[in-house]
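A short worksheet on the structure shown next.
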Amino acid sequence: MTNKEKDEKYFGRGNESFDLEIVKAEGSFVYDASGKKYIDFLGGAGVGSLGWDHPKIEEAIRHQQRPTYVYPNFHYKGWNELAELLAGITPGKLEKSFRMTGGSEAVEAALEIAMMYTGRKKILSVEGSYHGNTIGALSIGATSKQKNFPNLLPGCEKIEPPLTEDRLDEVEKMLSTEEFSAVIMEPIIINLGVVIPEAEFMEGLDKLCKKYGTLLIMDEAITGFGRTGKMFATEHYDIEPDILCMAKAITAGHAGMGAVITTREVASKIEGKIGLYSSYGWHPLSVAASIATIHYLQEHREDIFQNIRLLSSVFQKELAELEFRNQSELRIKGLAIGIELHDADYASEVKAKALKEGLLMNTEGSALLFLPNFLMQEKTAREGMELLKKCI
């Protein structure tokens, strides 16, 4: 029985798989079972922020002395060290972190915190958004993906894009009822093909949340840790979130982890009263990977963000010159790159052709999505775009 046949027989999947078996990943490249090399613009959907198999992070998780496991109700020095680091790099007054295993769990925890803190039931999110695959996350996500789930959370309402200043009246009408515990959104919406809200909308939203006692939750599972050219995408706006969700690049792909961080004020009211127990949340191995990742980002911050700006400008220039079958719309913030093709079948066709050419990317509806790593060489980025030209 071939590996593909075993996959079909024994391995459950929620999404259609790429016809690709990975045996090695290194830097900006991945290699399949036949030895073919692929340029990776996919980046594990935002996980591999520093490239694959980063030596500093590998060294930390392979050679550091640590316990195999720590029971969540014990104390562990690594938890405090990581929590202090997160408090130091996240925006605003965010201070206290709770341990999670990934983005979906972080979102669920954020919703629980908001409902417990406010005593309110309703949640407002952006239509078409993606926040995870758990019941709460599905409830606030795209309506189109909810038809198979008859028992989602009640009280989940949506605002439709575009997220412009003139939408604030609609938001205020809802929040003024004082029934909403939270507004949750990505500060830059990756799964809609890198939709960038107007600054006026974000700043007005922040003011409305504070006016009506609604918590503002920023889901930075993908946009965090440098993706958009700021350490967190929230920093592109003059806002102060009450809760922020993290995952993916928190360990640069070297181990599974998530986190939710909130303010001292919010934490003081809910701490000790809310479950948030996670057997594998902040496993010692993941903690070592995350601490190493954050230290690397801090120690090399200037060079990393300079390279993000350089690559972003290269992608901006080169992609703007491509002639797609349909009129396209290019949306870039740092190394979050979306190309709206207005045709989902065409976008899928381009992705499939690129795979054959040796280029990995993703699609979100009718948009192409690139999430390359921050350390990618300009030469590699240009080689990838040459492959893309063959596919359009």
- Indicate whether any N or O donor in one side chain lies under 3.5 Å from an N or O acceptor in the other, for Gln146 and Ser139. no
- Message: Using side-chain contact (heavy atoms from CB on, under 4.5 Å), reason through Met115 and Arg120 one step at a time and then give a plain yes or no.
- Response: CA-CA 5 Å; Met115 288 187 283; Arg120 302 174 182 177; over 6 Å; no
- Task: Indicate, with yes or no, if Tyr71 and Leu82 share a hydrophobic cluster defined by side-chain heavy-atom contacts under 4.5 Å among Ile, Leu, Val, Met, Phe, Trp and Tyr.
- Result: yes
- Message: One pair to check against side-chain contact (heavy atoms from CB on, under 4.5 Å): Met174 and Glu170. What are the steps and the verdict?
- Response: CA-CA 7 Å; Met174 288 187 278; Glu170 179 185 347; 4.1 Å; yes
- Would you name the heavy atoms of Ser286 and Thr251 that are closest together and state the gap between them? O-CG2, 3.8 Å
- Closest non-hydrogen atom pair between Arg66 and Ile61, with its separation: NH2-O, 2.7 Å
- How are the rings of Tyr69 and His283 set relative to one another: parallel (under 30°), tilted (30 to 60°) or perpendicular (over 60°)? tilted
- Whether over 12 other heavy atoms sit under 6.0 Å from Glu321 CD: yes
- Task: Indicate if Leu276 and Leu244 have the same hydrophobic cluster label, given that clusters are the connected sets of ILVMFWY residues with side-chain heavy-atom separations under 4.5 angstrom.
- Result: no
- Message: salt bridge (Lys or Arg N to Asp or Glu O under 4.0 Å) for Lys353 and Glu349? Distances and angles first, verdict last.
- Response: CA-CA 6 Å; Lys353 287 181 177 179; Glu349 178 185 323; 3.2 Å; yes
- From Gln306 atom CD to Ile304 atom CD1, the distance as rounded to the nearest 0.5 Å: 11.5 Å
- Can you tell me how far CG of Leu297 sits from CG of Leu85, rounded to the nearest 0.5 angstrom? 10.5 Å
- Is there a side-chain contact (heavy atoms from CB on, under 4.5 Å) between Met361 and Thr363 once you walk through the steps? CA-CA 7 Å; Met361 67 177 75; Thr363 54; 5.6 Å; no
- Message: Hydrophobic clustering (ILVMFWY, side-chain heavy atoms < 4.5 Å, transitive) - are Val126 and Ile184 grouped together?
- Response: no
- Using modelled atom types only, decide if a donor and an acceptor are shared between the side chain of Asn373 and the backbone of Leu50 within a distance under 3.5 Å. no
- Query: Counting only heavy atoms not in Glu265, do more than 12 fall under 6.0 Å of its CD?
  - Reply: no
- Message: Distance to the ring centre below 6.0 angstrom and angle to the axis at most 45 degrees; does that hold for Arg301 and Phe305?
- Response: yes
- Between Lys37 and Tyr31, is a side-chain contact (heavy atoms from CB on, under 4.5 Å) present by the stated rule, with each step listed? CA-CA 5 Å; Lys37 181 170 76 171; Tyr31 300 80; 3.3 Å; yes
- Is a side-chain N or O of Glu220 found less than 3.5 angstrom from the main chain of Ala233, in a donor-acceptor match? yes
- Side-chain heavy-atom pair Ile337, Leu330 within 4.5 angstrom cut-off: yes
- Sidechain-backbone polar pair: Glu108 side chain, Ala137 backbone, donor-acceptor under 3.5 Å: yes
- For Phe315 and Phe41, what are the C-alpha separation, side-chain angles and deciding distance, and is it a ring pair (Phe, Tyr, Trp, His ring centres under 6.0 Å)? CA-CA 11 Å; Phe315 276 104; Phe41 283 2; 5.2 Å; yes
- Query: Hey, what do you get for OG1 (Thr234) to CG (Leu94), rounding to the nearest 0.5 Å?
  - Reply: 8.0 Å
- Message: Could you measure the distance from the CD atom of Glu84 to the CD1 atom of Ile291? Nearest 0.5 Å is fine.
- Response: 10.5 Å
- Look at the side-chain heavy atoms of Ile, Leu, Val, Met, Phe, Trp and Tyr, link any pair under 4.5 Å apart, and say whether Leu192 and Ile217 land in one connected group. no
- CD/Glu127 to CD/Glu160 distance, rounded to the nearest 0.5 angstrom? 5.0 Å
- Using 4.0 Å as the upper bound for N to carboxylate O, is an ion pair formed by Lys24 and Asp53? no
- Which heavy-atom pair separates Gly46 from Leu371 by the least distance, and what is that distance? N-CD1, 3.6 Å
- Message: Test your reading of the model: is there a side-chain donor-acceptor pair from Lys158 to the backbone of Ser129, 3.5 Å cut-off?
- Response: no
- Query: Checking Glu5 side chain against Thr2 main chain: does a donor-acceptor pair fall under 3.5 Å?
  - Reply: yes
- Task: Could you tell me whether a side-chain N or O of Trp282 sits under 3.5 Å from a main-chain N or O of Gly258, the two making a donor and an acceptor?
- Result: yes
- Any donor-acceptor pair under 3.5 Å from Thr228 side chain to Lys333 backbone: no
- Tell me whether Leu319 is reachable from Ile392 by hopping between hydrophobic residues (I, L, V, M, F, W, Y) whose side-chain heavy atoms are closer than 4.5 Å. yes
- Has the side chain of Glu198 got a donor or acceptor atom that lies under 3.5 Å from a matching backbone atom of Glu165? yes
- Task: Work out which heavy atom in Val287 is nearest to a heavy atom in Gly78; give both atom names and the distance.
- Result: CG1-O, 3.5 Å
- Message: If you compare all heavy atoms of Ile270 against all heavy atoms of Tyr117, which two are closest, and at what distance to 0.1 Å?
- Response: CG2-N, 3.8 Å
- Return yes if some donor-acceptor pair links the side-chain N/O of Lys96 with the main-chain N/O of Val266 below 3.5 Å, else return no. no
- Between Glu378 and Arg382, does a salt bridge (Lys or Arg N to Asp or Glu O under 4.0 Å) hold up when you go through it step by step? CA-CA 6 Å; Glu378 179 182 348; Arg382 291 186 181 279; 2.9 Å; yes
- Nearest heavy-atom neighbours spanning Ile308 and Gly229: CG2-CA, 4.1 Å
- Query: Within the distance-only criterion (no hydrogens, no angle test), does the side chain of Ser181 pair as donor or acceptor with the backbone N or O of Lys122 below 3.5 angstrom?
  - Reply: yes
- Distance only, no hydrogens: is a donor on one side chain within 3.5 Å (strictly under) of an acceptor on the other, for Asn326 and His342? no
- Item | Ser176 side, atom OG; Tyr212 side, atom OH - distance, nearest 0.5 Å | 5.0 Å
